[in-house]
Amino acid sequence: MVKMTTEAQFSNNDFQDVVLHRQSVRKFDPTVKIELAELQAMIDEATSAPSACNLQSWHFVVAASDAGKAKAKQLLMPFNYPQVETCSVMIFILGDTESHLVYRDVWNKACEDGRISAEKRDQIFKTFLPLYENASPAFLKMDATIDSSMAAMQLLLVARAHGYDANPIAGYAADKVAVTFDLDPQRYVPVMAVAIGKAAAEPITTTRYAGTEVTEFI
Ligand SMILES: Cc1cc2nc3c(=O)[nH]c(=O)nc-3n(C[C@H](O)[C@H](O)[C@H](O)COP(=O)(O)O)c2cc1C
């Protein structure tokens, strides 16, 4: 269950291009299909994202089939229909508020592999587990939302590294996401959907506030 980062085969390994030329693409070439193995690799790469205490509180629902995309479309606000109708895949990222229940496995594996000592593992359990085992639902939801946001951003960039483009989407019926995918809505919180495919139209070039307007040095 625990994967260490492997060497990914990126078709675009130009960091500057991947990061600084990313733009939200909302119209894709509908004929482009992405193999499930490549989708899984992209998700594996996205989960190299950091997470609080390495809890990895994320869960991915991949709508690549016509039936999956039809389900996804039911959730979307109409202004997001063009993306789901043309993308190769729409991936929903949900936060898992129960990730701490399997947290021991991650560090037990690290210990078995000889990457950390038993003392270090026990110290991690003692320091971090009570934070989560005694946490409020609001805290668990916030933590899972932040972790999943990190993975979502990573997925946007990984998609570009694989030669695709993407659009992050939160314009959907958030209260219906988990149940639509037969997931427990108490456990899983919707964070983001990411439409991925080959761009079929030039995206709008967006601008940002000057860094100086949103920065203070203290
Ligand atoms: C939390 C979040 C929600 C978003 N929801 C949508 C959405 O529902 N539909 C959409 O077309 N774009 C959505 N976007 C994309 C933004 O509109 C886009 O990132 C922003 O306009 C900047 O453009 P850029 O991504 O091309 O740099 C969302 C982005 C974020 C971060």
Side-chain angles (χ1 to χ4, degrees), residues 12 14-30 32 34 42-43 45-52 57-64 68-97 138 140-181 185 188-215:
N12 181 358
D14 179 343
F15 184 75
Q16 182 166 317
D17 180 55
V18 165
V19 176
L20 298 182
H21 295 168
R22 184 209 57 78
Q23 296 267 250
S24 286
V25 165
R26 298 181 173 87
K27 191 172 174 206
F28 302 94
D29 176 348
V32 173
I34 307 177
M42 285 162 62
I43 290 171
E45 288 151 18
T47 61
S48 64
S51 62
S57 309
W58 42 57
H59 188 80
F60 300 84
V61 175
V62 181
K69 282 192 238 173
K71 252 188 184 185
K73 189 175 173 183
Q74 288 170 16
L75 293 165
L76 295 177
M77 294 178 185
F79 56 84
N80 288 320
Y81 288 171
Q83 296 93 309
V84 75
E85 284 167 358
T86 61
C87 69
S88 306
V89 63
M90 189 168 278
I91 300 179
F92 286 76
I93 303 161
L94 297 96
D96 180 359
T97 62
L140 294 172
K141 185 175 169 183
M142 183 193 69
D143 224 61
T145 302
I146 296 171
D147 283 1
S148 298
S149 301
M150 304 294 281
M153 184 66 237
Q154 195 101 313
L155 182 60
L156 294 175
L157 300 180
V158 162
R160 280 184 55 72
H162 278 249
Y164 304 109
D165 277 294
N167 179 203
I169 291 177
Y172 50 49
D175 57 332
K176 296 196 176 68
V177 174
V179 281
T180 298
F181 299 131
Y188 293 100
V189 292
V191 174
M192 191 72 68
V194 177
I196 300 175
K198 287 271 186 196
E202 277 297 309
I204 302 164
T205 304
T206 56
T207 54
R208 297 293 187 269
Y209 303 117
T212 48
E213 289 178 45
V214 293
T215 308

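For ligands, and for the atoms within them, numbers begin at 1 and follow the listed sequence. Computed from a predicted structure; not experimentally measured.
Heavy atoms of Arg208 approach ligand 1 to within less than 4.0 angstrom. A heavy-atom separation below 4.0 Å is found between Arg22 and ligand 1.
If you number the atoms of ligand 1 from 1 as listed, the ones under 4.0 Å from a heavy atom of Gln23 come out as 24 (P), 26 (O), 27 (O). Within ligand 1, counting atoms from 1 as listed, the ones closer than 4.0 Å to a heavy atom of Asn80 are 7 (C), 8 (O), 9 (N), 10 (C), 11 (O). Within ligand 1, the atoms closer than 4.0 Å to a non-hydrogen atom of Ser24 are 15 (C), 18 (C), 19 (O), 24 (P), 25 (O), 26 (O), numbered from 1 in the order shown.
Of the candidates Arg26, Gln83, Met153, the one placing a heavy atom closest to atom 16 (C) of ligand 1 is Arg26.
Shown here, atom 20 (C) of ligand 1 is out of close reach of the protein: none of its heavy atoms lies under 4.0 Å off.
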**OP:** Please lay out, stage by stage, how Arg160 and Asp17 fare under the test salt bridge (Lys or Arg N to Asp or Glu O under 4.0 Å).
**Re:** CA-CA 9 Å; Arg160 280 184 55 72; Asp17 180 55; 3.3 Å; yes
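Listed here is the closest heavy atom pair of Ala63 and Lys69: O-CG, 3.6 Å.
Considering backbone and side-chain N/O atoms, Gly171 comes within less than 3.5 Å of an N/O atom of ligand 1. Of the polar atoms of Pro168, at least one N or O is found under 3.5 Å from an N or O of ligand 1, judged by distance alone. On a distance-only criterion, Phe79 and ligand 1 share no N/O pair closer than 3.5 Å.
Checked against the 6.0 Å centroid criterion, the rings of Phe181 and Phe92 qualify as a close aromatic pair.
For atom 31 (C) of ligand 1, the closest non-hydrogen atom on the protein side is Met192 CE, 4.4 Å. The single protein non-hydrogen atom nearest to atom 23 (O) of ligand 1 is Thr206 CG2, 3.3 Å, given as residue, atom name and distance. Of the protein's non-hydrogen atoms, the one nearest atom 5 (N) of ligand 1 is Ala170 N, 3.0 Å.
Between the side chains of Glu45 and His162, at least one donor N or O lies within less than 3.5 Å of an accepting N or O. Using modelled atom types and a 3.5 Å distance limit, the side chains of Thr180 and Gln74 yield no donor-acceptor pair.
Remark: of the listed residues Met192, Arg26, Gln83, Met77, Gln83 is the sole one forming a side chain to side chain contact (heavy atoms under 4.5 Å, CB included) with Ile169.
Surrounding CZ of Phe15 are at most 12 heavy atoms belonging to other residues, nucleotides or ligands under 6.0 Å away.
Under the 4.5 Å side-chain criterion, counting only non-hydrogen atoms from C-beta, Ile93 is not in contact with Val61.
By the 6.0 Å and 45° rule, Lys198 stacks over the aromatic ring of Tyr164.
Using a 4.0 Å cut-off between heavy atoms, Ile169 contacts ligand 1 through both its backbone and its side chain.
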